[in-house]
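Written below as structure tokens is the structure these notes are about.
By convention in this document, chain letters (A, B, ...) are assigned in the order of the sequence lines, proteins followed by strands, and residues within each chain are numbered from 1.
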Amino acid sequence: MYIVLGPADASTGENLGGAVDALWEAITLNDTGSGTHRTFPLGKIADFVQTVEKHNTHRTIRWTWADARMVMPMLLQAGASPSSCHDLRLVQRLLVTAASRAQNGISFTPVLELGKEAQPAGTLPARRQIEGQESLFDAPPITASRDEQEPAPTASLLLEELQAQLTTIKSAPYPGRLGLLAATESQGGIIAAEMKHYGMPWNRAIHEKILEHQLGARPAGYQRPYKLEQLAARLRQELGAPNLNPDSPHEVLRALQSAGFSVTSTRKWELTEWANSAPHLRESRWQVVRPLLEYKRLARLYTANGWAWLDAWVTDNRFHPAYEVASAATGRWGAHGGGAMQIPKDVRAAVHAEEGMLLTVADAAQIEPRILAVMSGDRALAVAGRDTDLYLGIAEIGKRTGSALADRSHAKIALLAAMYGATTGEGGQLMPHLKKLFPQAIGFTEKAAEIGLRGGQVTTFLGRTSPAPSHAWFEAQRDRSSAEKERAAATAARSHSRFTRNFVIQGTAAEWAVIWMAQIRRRLRTERRFGHRLQSRLVYFLHDEIMIYGPQNEAALCATIVRESAQAAAELIFGPTDVEFPVTVVTTDDYSQAK
DNA sequence: GTTCCCTGCCAC
DNA sequence: AAACGTGGCAGGGAAC
């Protein structure tokens, strides 16, 4: 059953969509298609959601809204917890892209223009927010002025859009898969909003201790921390450049070169290789490279995750990144605010459980090659991943058959090369050996690569479709006016080919990951421990890794839920499969101890 | 003053 | 000497 939530028809009076006293409407759509309408002030929607959820435990209600980013903050603040939803913006985007590929056999014409910026209901437009009130959670209820806000689509229009989307899904060649994808994408919207709302535990005192230990005391104003200043002084001396600004790659490169060092950039890998490349000069080169690399490491810590970062992103010992569902074309999520996708190993110890609480950190083991094994139907690869680390499994098969892929690191490099499309280097060299062992899997990736080479589109298992190359790309393919143009076209073609090659695997892995999370969320919500609801919550997600935060005495159950949900997710997507989907689970009070 | 690109690093 | 997929982000520095 679907219940569409949106502003009531404009004829009912004040209808600005976002204002808390605006009238909203709930339209029920059940199997017979008939709809009952109820209207509420926006401020009462959360109560309604909560009441309906309480009395309808026996059937799935899909709350249908234009955009979870608009509705969910309001629901969460009021303590309402929708079990599932249909997110019209996210599903529309899926269907529009799917319809752009003729072979998909999907036709879709949106009723509405969705996919614009998020404007949480009950708040002012972002540009009018007052300093000190920028948080979505404590923004005061204010009626927006009429001239500054686009009228949000009414519930009746949203219902029409929903019906168009459901019709498209129902008549698709694989309605079950596309329906699962739509449901998954939508659940992602809820989960993203919830994780932002709860935030991950972040212990400011521990973080500060790390910073002081590495950098010295917090400097006043814009001075460099003590350790950085020390290293800067040493560098200036080593390079004979008394005015060197070590934060400027350009200046550093110039200083290195005038000191007689033949490097072409200040990149870490180049400096390292250069320093090691001449055995008799090693010591003297490292005299310079060591402090430079140390400076770069600490400068990165200082600028990316230093005191300013703490002040900007951590409040009340919680870090609240904003997730963006499927912000990558492959369906992977993005996150903005505080660099949530790149929490460096150095500061992970600051993610620390409070008294009586624990973190459950789970990581899917070799998810992408396992996805490849199922999608390609490669039995040998499925067997390689059974009861063991998949790369080890490959190495064992390699040993038995006298292949060059007889140890884990080689197996891993070769498989990554196959999925990323490497042609040179160690990975490229090992590819033929891999192909001999797993012809079906490698054939599968090569087929996706071929399609991309011609400018074609590919799809994930559930039907997310890759974007077509730009018009300019196709133009460039036709341009044979010079050797240089031809080369450029070939480079662009190979690039798109690597993209489609990777898309099918990365994209299907992303589907698996969100379904994994959705399974975990469902069980955390519905299961009881000694008759009590669980308090544990999903608080972090990154591609193939999740974190749950909750009371100590729930941690063992969380670990079980996480493991079982991994296999359940795979079977929901693929049906019964002999490929295993193991996860490593670590229960700890300290994130840096996971992995 | 703001905007945008480049460099370089971090994560999976 | 980068290569081999997807991202976010800070700081320098030039362009506007």
Side-chain angles (χ1 to χ4, degrees), chain A residues 222 224 228 244-254 262-274 277 292-293 295-306 308-309 312-313 321-348 363-369 371-372 412-431 445 448-449 452 458 460 464 466-467 491 494-510 513 540-546 591 595:
Chain A
Y222 292 98
R224 282 197 183 88
L228 275 178
L244 176 71
N245 171 13
D247 292 320
S248 165
H250 178 74
E251 280 189 34
V252 172
L253 180 60
R254 240 183 19 201
S262 54
V263 290
T264 62
S265 77
T266 66
R267 289 182 176 88
K268 190 161 83 176
W269 67 264
E270 188 181 347
L271 293 171
T272 303
E273 291 198 1
W274 172 77
S277 62
L292 179 51
L293 292 186
Y295 183 91
K296 286 155 76 87
R297 186 181 76 79
L298 292 178
R300 163 93 188 173
L301 174 65
Y302 176 54
T303 56
N305 294 97
W309 182 90
W313 300 109
Y323 296 88
E324 193 72 37
V325 172
S327 72
T330 56
R332 271 195 179 182
W333 291 17
H336 39 253
M341 292 176 70
Q342 17 169 180
I343 299 170
K345 304 257 170 21
D346 283 356
V347 302
R348 289 188 182 189
D363 184 305
Q366 307 97 37
I367 186 64
E368 291 188 350
I371 292 287
L372 172 60
K412 180 175 178 177
I413 287 167
L415 202 43
L416 291 176
M419 294 188 297
Y420 291 164
T423 53
T424 62
E426 203 178 357
Q429 312 273 311
L430 291 168
M431 275 288 291
T445 64
V458 294
T460 60
R464 187 187 305 275
S466 71
T491 299
R494 280 196 300 272
S495 172
H496 188 248
S497 162
R498 287 191 299 273
F499 171 62
T500 55
R501 171 198 290 266
N502 189 252
F503 182 96
V504 291
I505 300 172
Q506 187 182 113
T508 305
Y540 183 66
F541 169 56
L542 184 61
H543 307 323
D544 66 348
E545 175 184 337
I546 58 107
Y591 185 31
K595 279 202 269 200

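- Taking atom P on both nucleotides, dC4(C) is separated from dC12(B) by 22 Å, rounded to a whole Å.
- Between His496(A) and Phe499(A), the ring planes lie tilted relative to each other; the angle falls in the 30° to 60° range.
- The residue Leu416(A) sits apart from the nucleic acid: no heavy atom pair falls under 4.0 Å.
- Under the 3.5 Å distance criterion, the side-chain polar atoms of Lys268(A) are left unmatched by any main-chain donor or acceptor of Lys296(A).
- Among the heavy atoms of the strands lying under 4.0 Å from Arg348(A) are primed sugar atoms or P, OP1, OP2 only; no base atom is included.
- Side chain of Ser495(A) to main chain of Thr491(A): no donor-acceptor pair is present (N/O by atom type, distance under 3.5 Å, no hydrogens or angles).
- Checked by atom type and distance alone, the side chain of Glu270(A) pairs as donor or acceptor with a backbone atom of Ser265(A) at under 3.5 Å.
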Could I get a table of every N or O pair under 3.5 Å where one atom is in the protein and the other is in nucleotides 1-4 of chain C?
| residue | atom | partner | partner atom | Å |
| --- | --- | --- | --- | --- |
| dA1(C) | N7 | Glu273(A) | OE1 | 3.3 |
| dA3(C) | O3' | Thr424(A) | OG1 | 3.4 |
| dC4(C) | OP1 | Thr423(A) | N | 2.9 |
| dC4(C) | OP1 | Thr423(A) | OG1 | 2.6 |

Could you run down the sub-3.5 Å N/O contacts of the protein with nucleotides 6-8 of chain C?
| residue | atom | partner | partner atom | Å |
| --- | --- | --- | --- | --- |
| dT6(C) | O4' | Gln506(A) | OE1 | 3.3 |
| dT6(C) | O4' | Gln506(A) | NE2 | 3.1 |
| dT6(C) | O2 | Arg332(A) | NH1 | 3.2 |
| dG8(C) | O3' | Ala335(A) | O | 3.4 |
| dG8(C) | N2 | Gln342(A) | NE2 | 2.6 |
| dG8(C) | N3 | Gln342(A) | OE1 | 2.8 |
| dG8(C) | N3 | Gln342(A) | NE2 | 3.1 |

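- To the nearest 0.5 Å, the span separating OG1 on Thr303(A) from CG on Asp247(A) amounts to 8.0 Å.
- Shortest non-hydrogen contact noted between Trp274(A) and Ser262(A) is NE1-OG, 3.5 Å.
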Sugar-phosphate or base contact per nucleotide [nucleotides 11-16 of chain C; S, B, -; heavy atom under 4.0 Å]: SSS---
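- Side-chain N/O atoms of Lys268(A) include none lying less than 4.0 angstrom from OP1 or OP2 on dC9(B).
- We find that OH of Tyr295(A) is positioned 16 Å from P of dA10(C), with the value rounded to whole Å.
- Panel note: side chain Arg501(A), backbone Ala418(A); a donor-acceptor pair is recorded below 3.5 Å.
- A donor-acceptor pair under 3.5 Å is absent between the side-chain atoms of Thr423(A) and the main chain of Gly428(A), judged by distance alone.
- Between Asp363(A) atom CG and dC12(B) atom P there is a gap of 8 Å when expressed in whole angstrom units.
- Comparing the P positions of dC6(B) and dA3(C) gives an interatomic distance of 16 Å, to the nearest angstrom.
- In terms of modelled atom types and a separation under 3.5 Å, the side chain of Arg348(A) and the main chain of Ile343(A) share a donor-acceptor contact.
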Evaluation steps, salt bridge (Lys or Arg N to Asp or Glu O under 4.0 Å), between Asp346(A) and Arg300(A): CA-CA 11 Å; Asp346(A) 283 356; Arg300(A) 163 93 188 173; over 6 Å; no
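- Glu368(A) contributes no side-chain N or O that, together with a main-chain N or O of Ile505(A), makes up a donor-acceptor pair within less than 3.5 Å.
- Look at OH on Tyr323(A): it is 14 Å from C1' on dC12(B), rounded to the nearest Å.
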